[in-house]
2 protein chains.
Amino acid sequence: MIVALPKRFGKFEVFYMSPTIKDIAKAAGVSITTVSRALNGYPDVNEKTRSRIKKLAEKMSYHPNSQAQSLVLKKTNTIGVIISELTRDSVKAAFSFEVLCGISDRSSELNYDIILFSTNPNKQMNKTYSDLCRERNVDGVILKGLKTTDPYLREVIDQSSFPSVLIDIPVAGEGVGHVTTDNVSGVRDAVRHLIQLGHRNIAFINGYKEAAICADRLSGYMLGLQEADITYDVSRVEDGRFSEEGGADAISKILSRHPETTAVVCSSDIMALGVMKELEQMGRVIPGSISVIGFDDISIASYTTPKLTTVRQEKYEMGYQAAQMLIDMIEGRNVKHKIVLDNQLIIRESADRLQKG
Amino acid sequence: MIVALPKRFGKFEVFYMSPTIKDIAKAAGVSITTVSRALNGYPDVNEKTRSRIKKLAEKMSYHPNSQAQSLVLKKTNTIGVIISELTRDSVKAAFSFEVLCGISDRSSELNYDIILFSTNPNKQMNKTYSDLCRERNVDGVILKGLKTTDPYLREVIDQSSFPSVLIDIPVAGEGVGHVTTDNVSGVRDAVRHLIQLGHRNIAFINGYKEAAICADRLSGYMLGLQEADITYDVSRVEDGRFSEEGGADAISKILSRHPETTAVVCSSDIMALGVMKELEQMGRVIPGSISVIGFDDISIASYTTPKLTTVRQEKYEMGYQAAQMLIDMIEGRNVKHKIVLDNQLIIRESADRLQKG
DNA sequence: GGAGTTTTCCGAAACGTTTCGGAAAAAGGC
DNA sequence: GCCTTTTTCCGAAACGTTTCGGAAAACTCC
């Protein structure tokens, strides 16, 4: 469609404009209404005119303006993705990105676009969660990386009529669901594996108290011990705050208290990396003198020396399922508001039997 | 604002609706026009009424509906981000993600939202690039990961009136710009470093012919050799197709032809990983018997054994600059359509002097 | 105190859709 | 041929903004 006068957008002159429904109507010699109804499959339009209109629309490469559509339909076919630690730290980033890929793939399959909000506690002061959603009129939101102390979380729970799904935060309600991994069994499997390898003095490095997943993982640890009739000892557990340094600190604290420790499971691979670094500096050899197991299976895990044995989370699947759940909720389908994904112990090199002698 | 009758969205009853400009007008006892002009800072409204309206808008937490706005303004304040290898492969993903973070940060600083399109050659058949943009009415696009064979690329170049910036593809024109890293000097620095360490027989593993960045990197390799009066030998160069296996294949081919090779620079860290794996299997010790240098500095690079010496690309900065450039173009500011970022050789452990004897 | 200016406000059209209610046209029935 | 039913179409309102052109009100000036 060539319009008579160029319009200006910034410094760009746009001569070729997208045709509107009006253009199609004119070209087809019918009313706007008829074009709309023809294209949207309503039964009250003659099949001949319908196909004529369809062909024309195709030829003129007509696409309905989504702004106009959503204005009247009150539906944007857009979901917001809020990732709070959208950070340049590439190590953490990889995890979120895989989740994002899953979200993106499923969304586009179901004909939703995703719009990405990055946020941080600072931003959360200025603009509330609902402002964010309302301004852009997203149909629903997926949130990842929220801490229990983040202001947004409160809002999500309060305004539970607005569809949202949380990743790794176990809140469920009218309009809010969540997807997470089976944290209990993940850590239990790790502990079991170590026990099978002959370990009895097993430490645990968790994330932080405020995170829900960490409570579950601690349960998994306790469960694993219990199954082998090993008594749980709180002094064998430290929080590493999901950071490399935190992991390093934690392991040295634990080892000073319990030099007899022969194995440690960590609540994230990042912390496991810190642990390995620290152990190396202490002259301990892995897994000869001490075994290490991580959690997540980030890409680095298979490149370390020794390669890290870890519990793999299906990150892509998490995003995929989150998108599915959210869109189900948006479109009013009945749906479980809680999805717990399986995970799997990936056995590599960092955990093994103790060397005799 | 409480409306009288609940509206239905899917299965959710929404009692609390966002107030519209009409609600504010009614509450303030003025016309819609005045509210709009008051809020948008026009001079033809009394300061008293302006502040009254502003307070009211604040109190009722009014936010203009962005769909309605963009419908009349023909501007969405949204930029599209098309990442073609938005894949679940987490190793490659990290790179794109960091770029994305940069884009996201700068965009939100400049008050743009980003909407994420993932694509693949298959999807590109169904929906053209311009369809994608027009349907969602994005103001501009950033594209990353496009191959020279991707249909979209042709379109970007053809419709150059639509603002777009490419990452790592050197196309510039009326409305299209690009940002990349200084590929020539990056590789040259790597070669220089090796020469300073005493190496003379230096191989080069590139990506593939069709990629523009690879031509530059090859130039950098040749330049580095030339500066040391080493003659360029094409049989010391192989394409590794940016994959781990490709890197492994490449190094074994090169070594079979040139067993005297003592150092190799790779056009990506991924390939360097493959090279290191292959060399290990061949019983070669790095860097004792052969040195390896990578390109990118992905997170894994600092966790391998030995730690990978590599040319760091500022991935976050790439995204940041790309967003800046695009928004400059959208808003009609004059701007350079080409940005070349510096990079830096990060010296770790995988490249060193040859061991005597 | 009236004309001219300035300040402050508003009505209405426009953006591109969807959809309700109804009207025109065609078909059916006798 | 006339009434009824069905099929096919359309006008107009609505969604929530922005903005043009003008009007009312308030000042200024002599």
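Because only heavy atoms are used, hydrogens play no part in the values below, and waters and symmetry mates are left out as well, while side chains stay in. If you're wondering where the values come from, they're calculated on a predicted model, not measured in any experiment. The sequence lines fix the lettering, A, B, ..., with proteins before strands; numbering per chain opens at 1.
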If the condition is side-chain hydrogen bond (donor to acceptor under 3.5 Å, both in side chains), which residues does D328(A) pass it with, not counting sequence neighbours?
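Checked D328(A) against side-chain hydrogen bond (donor to acceptor under 3.5 Å, both in side chains); matches are Q324(A), R333(A).
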Check salt bridge (charged side-chain N to carboxylate O under 4.0 Å, His left out) between E47(B) and all other residues, then give those that pass, not counting sequence neighbours.
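Applying salt bridge (charged side-chain N to carboxylate O under 4.0 Å, His left out) to E47(B) gives R50(B).
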Establish, from distance only, whether the side-chain atoms of [X] and [Y] form a donor-acceptor pair under 3.5 Å.
X	Y	answer
T34(A)	S31(A)	yes
T180(A)	D168(A)	yes
T78(A)	D113(A)	no

Given atom [atom1] of [X] and atom [atom2] of [N], what is their separation to the nearest angstrom?
X	N	atom1	atom2	answer
L71(B)	dT19(D)	CG	P	13 Å
D23(A)	dC15(C)	CG	P	11 Å
Q67(A)	dA14(D)	CD	P	23 Å
L39(A)	dT18(C)	CG	P	8 Å
I53(A)	dT18(C)	CD1	P	12 Å
I21(B)	dC15(D)	CD1	P	14 Å
N65(A)	dT18(C)	CG	P	10 Å

Closest-nucleotide mapping onto DNA chain D: is Y42(B) or A68(B) further toward the 5' terminus? I mean the 5' end.
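Mapping each residue to its closest nucleotide by heavy atoms, the 5'-most match is A68(B).
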When every nucleotide of nucleotides 5-11 of chain C is labelled 5' to 3' by its protein contacts under 4.0 Å (heavy atoms), B for base, S for sugar-phosphate only, - for none, what sequence of letters results?
---BBBB
Check step by step if side-chain contact (heavy atoms from CB on, under 4.5 Å) holds for E331(B) and Y112(B).
CA-CA 12 Å; E331(B) 298 184 348; Y112(B) 279 72; 2.9 Å; yes
Does [X] make a side-chain N or O approach to OP1 or OP2 of [N] shorter than 4.0 Å?
X	N	value
N40(B)	dT18(D)	yes
K74(B)	dG16(C)	yes
Y62(A)	dT17(C)	yes
Q69(B)	dT18(D)	yes

Taking every non-hydrogen atom, the tightest pair across T20(A) and Y62(A):
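Heavy-atom minimum between the residues: C-CE1, 3.6 Å.
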